[in-house]
Amino acid sequence: MTAPNDTLGRPLKDLRISVLDRCNLRCTYCMPEESLNGRGVFLPPHHLLSDGEIEFLARVFATLGVHKLRLTGGEPLLRPGFNELVGRLSPIPGLTDLALTTNAVLLPRNAIALKTAGLTRITVSMDSLDDKVFRDMAGGRGSVQEVLDGIAAAETAGFEQLKINTVVQRDVNDHTIMDLISHFRNTGHTVRLIEFMDVGNVNHWDRNLVVPSAELLKSIHDQWPLRPVASQAASETARRYEFVDGAGEIGFISSITEPFCGDCTRARITANGVFYSCLFSAHGTELRDKIRAGMSAEEMAAEIMGLWSKRGDRYSELRNRLPRRQPHVEMYRMGG
Ligand code: SAM
Ligand code: SF4
Ligand code: SF4
């Protein structure tokens, strides 16, 4: 059984599940410290999907044609028993790619267990190799060395080709991007430069802080000539380039200047079990309480097919035509 295409003809192919909304960093573009303001903004434990509920949903999505599942957050590695959860998800029939997005701080103590549990890929977020810039962007928490240690642990555990996600902001970390790229050339890892997005409501998004990918591409190409690489799948978020000298690849995620909604095949589920069909949705559909009320896998599959068949999201393509910034769910809740 495969889910029907949405109203714009897009199939359901990928699922991202946020396993926890808490984080050990406070990145200014995602979860700025002052926005939390000492209030209990995080979900209490009983609101989180349990391991069994996450497995139930993953199995249902796999029966509907989803092959790729990414676990995200918040910081997934803070979730108690996360490695065991991975072990429950990796054998699900149909899931061929089980990926994690992490800030890497806790990878040294988890990487081997994650490999053993069947995780197939890791994306590490790292915005600069300059410790001051890094800490300013991470809200004064973590350090470059901790992330590098996390990357080294992933390599040792056998995760050979990491993706390194870097959010670029003008006059914040753009002057450190060439160093970062230089560091990861010839390592087998792929840096992906992400345009600062207007997700959530608290990250003080300002178009003047966005560095268009075209500008970065030109600077990088001037230093290390690049040529485009054909995407492996239409739904790939990054535009890929390879270094002509054979030093590896680089990617650009250009949600602001070159939106890719036409190829967007991703569904998202928050840590408390709300389904969203777009990163920028203001409203989602509650699934957790339906599971707790005893909904069967067949009924859940029908529910999800119904939601997907009505999907018409293309926020990034419409952004410039919308009158003002729209309300969105925070990135750390929705899962990046
Ligand atoms: N904590 C994990 C991490 O940072 O890798 C996983 C969750 S984080 C929300 C997922 C991704 O979203 C990260 O790569 C982060 O850089 C990205 N992200 C968060 N806020 C963003 C924003 N405003 N614009 C662009 N990317 C953003
Ligand atoms: Fe935490 Fe990731 Fe958000 Fe940074 S981007 S605050 S590491 S969830
Ligand atoms: Fe997909 Fe929404 Fe992003 Fe467009 S704006 S690519 S529909 S998540």
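Quick caveat, the model's predicted, so the values are computed rather than measured. One-based numbering, in listed order, for ligands and for the atoms of each.
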**Message:** Just to check, does G74 reach to within less than 4.0 Å of ligand 2 when the distance is taken from its heavy atoms?
**Reply:**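 It does; at least one heavy atom falls under 4.0 Å.
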**Prompt:** Of the listed options (C30, G74, S125), which comes nearest to atom 2 (C) of ligand 1 when hydrogens are ignored and any heavy atom counts?
**Reply:**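 That would be G74.
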**Request:** Evaluate the criterion side-chain contact (heavy atoms from CB on, under 4.5 Å) for residue pair D51 and R79; output intermediate values, then yes/no.
**Result:** CA-CA 10 Å; D51 288 2; R79 181 178 166 114; 2.7 Å; yes
Within a distance under 4.0 Å of any heavy atom of [X], pick out the atoms of ligand 1 and give their elements.
| X | answer |
| --- | --- |
| N103 | 2 (C), 3 (C), 5 (O) |
| V167 | 16 (O), 25 (C), 26 (N), 27 (C) |
| I194 | 25 (C), 26 (N) |
| E195 | 25 (C) |
| M331 | 9 (C), 12 (O), 17 (C), 18 (N), 19 (C), 20 (N), 21 (C), 27 (C) |
| N165 | 14 (O) |
| G73 | 7 (C), 9 (C) |

**Message:** Yes or no: does Y332 have any heavy atom under 4.0 Å from an atom of ligand 1?
**Reply:**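 For ligand 1, residue contact (heavy atoms, under 4.0 Å) with Y332 is absent.
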**Message:** Taking a cutoff of less than 4.0 Å between a non-hydrogen atom of the residue and any ligand atom, is M31 in contact with ligand 1?
**Reply:**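 M31 does not count as a contact of ligand 1 under the 4.0 Å cut-off.
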For [atom], find the nearest protein heavy atom and state the residue, atom name and distance (0.1 Å precision).
| atom | value |
| --- | --- |
| atom 6 (S) of ligand 2 | C27 N, 3.3 Å |
| atom 3 (Fe) of ligand 2 | C30 SG, 2.4 Å |
| atom 1 (Fe) of ligand 2 | C23 SG, 2.3 Å |

**For atom 1 (Fe) of ligand 3, every protein N/O/S atom that sits closer than 2.8 Å, waters excluded** =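 Checking every protein N, O and S atom gives C264 SG.
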**Message:** Does this structure show an ion pair linking E303 with K290, if we count only N-O contacts that are shorter than 4.0 Å?
**Reply:**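 Result for this pair is yes, salt bridge flagged.
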